[in-house]
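What you are looking at is a predicted structure, and each value in this text was computed from that prediction instead of being measured. One is the number of the first residue; the rest follow in order along the sequence.
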Amino acid sequence: MILQSAHIFYGITMLKKYSNTGKLKPILIFGMCDESFSLNATLKVPTDLDRSYVYFYITAFNYFSWVAGAGLGGLLGGMINLNLAGLDFVMTALFIVLFTEQLKNARTQRDALIGLVFAIICLLFCNKNAFLLVTLVTLVALFSLNYLITRRKNDIN
């Protein structure tokens, strides 16, 4: 459940990108997975393509790949015997690569670096089983407060 809360942050991040996507918006929101987020968040859609449908095709392909993979895994998983020892670093490496790519493409690195610093602080001072939840809740509160302050300043000006 805690891991799935990351999708809240994916959704918040994609609010601007998914604006004006019309009838495809619910599919883009509810079909989002880690891979769709990573691709759609950093993708620069050429002007001659409809960005809504580009996002849709990426999301649909990833979603159906997940469904097919899970189905095949359920059906054939017992028949395949793989030694996966030593592959536990793969997800960490994947997220480091995705983070680095998004950091390079971001207009500003401030928010990403704030997230990284708070994640490290929470990892050092919180139980390893709870640090992700504490980090996410802290960052939501911090970025929400920043949003409200920025919006209030913009409304005054």
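- Note on ring orientation: taking the six-membered ring where Trp is involved, the planes of Y53 and F56 are perpendicular (angle over 60°, cut-offs 30° and 60°).
- In this structure, Y57 is a member of the same hydrophobic cluster as L28, with clusters built from ILVMFWY side-chain heavy atoms closer than 4.5 Å.
- The CG atom of D111 sits 9.5 Å away from the OG1 atom of T13 when rounded to the nearest 0.5 Å.
- Closest approach of R110 to N146, counting heavy atoms only: NH2-ND2, 3.4 Å.
- N20 CG: 12 or fewer foreign heavy atoms inside a 6.0 Å radius.
- Checked against side-chain contact (heavy atoms from CB on, under 4.5 Å), C126 has the following partners two or more places apart in sequence or in another chain: C122, F131, V134.
- Rounded to the nearest 0.5 Å, atoms CG (L49) and OH (Y55) are 11.0 Å apart.
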Kindly indicate, with the supporting measurements, whether the criterion side-chain contact (heavy atoms from CB on, under 4.5 Å) is fulfilled by N62 and L39. CA-CA 10 Å; N62 285 327; L39 291 171; 4.0 Å; yes
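- Within the model, atoms CZ of F118 and CG of L113 stand 12.5 Å from one another, a figure rounded to the nearest 0.5 Å.
- When all heavy atoms of S52 and L24 are compared, the pair lying nearest together is O-CD1, 3.6 Å.
- S38 contributes atom OG, which lies 6.5 Å from atom CG of D34 (distance to the nearest 0.5 angstrom).
- Residues I120 and F125 are members of one and the same hydrophobic cluster, defined by side-chain heavy-atom contacts under 4.5 angstrom among Ile, Leu, Val, Met, Phe, Trp and Tyr.
- Taking the side chain as every heavy atom from C-beta outward, Y63 and M32 never approach each other to under 4.5 Å.
- Within the 4.5 Å cutoff, the side chain of L43 has heavy atoms near those of the I58 side chain.
- S36 and G31 make their closest contact through OG-O, 4.3 Å (heavy atoms, listed as atom of the first residue, atom of the second, distance).
- M14 places a side-chain heavy atom less than 4.5 Å from the side chain of N40.
- Between R51 atom CZ and T21 atom OG1 the span is 6.5 Å, to the nearest 0.5 Å.
- I114 places a side-chain heavy atom less than 4.5 Å from the side chain of L139.
- Atoms CD and CG, from Q109 and L116 in turn, are 12.5 Å apart once rounded to the nearest 0.5 Å.
- Cluster annotation: I149 is not connected to L142 through the hydrophobic network of ILVMFWY side chains, with a link wherever side-chain heavy atoms come within less than 4.5 Å.
- Within a 6.0 Å sphere centred on CZ of F143, other residues, nucleotides and ligands contribute more than 12 heavy atoms.
- Other residues, nucleotides and ligands contribute at most 12 non-hydrogen atoms within 6.0 Å of the CG atom of N81.
- Grouping the Ile, Leu, Val, Met, Phe, Trp and Tyr side chains by contacts below 4.5 angstrom, directly or via other members, places F37 with I27.
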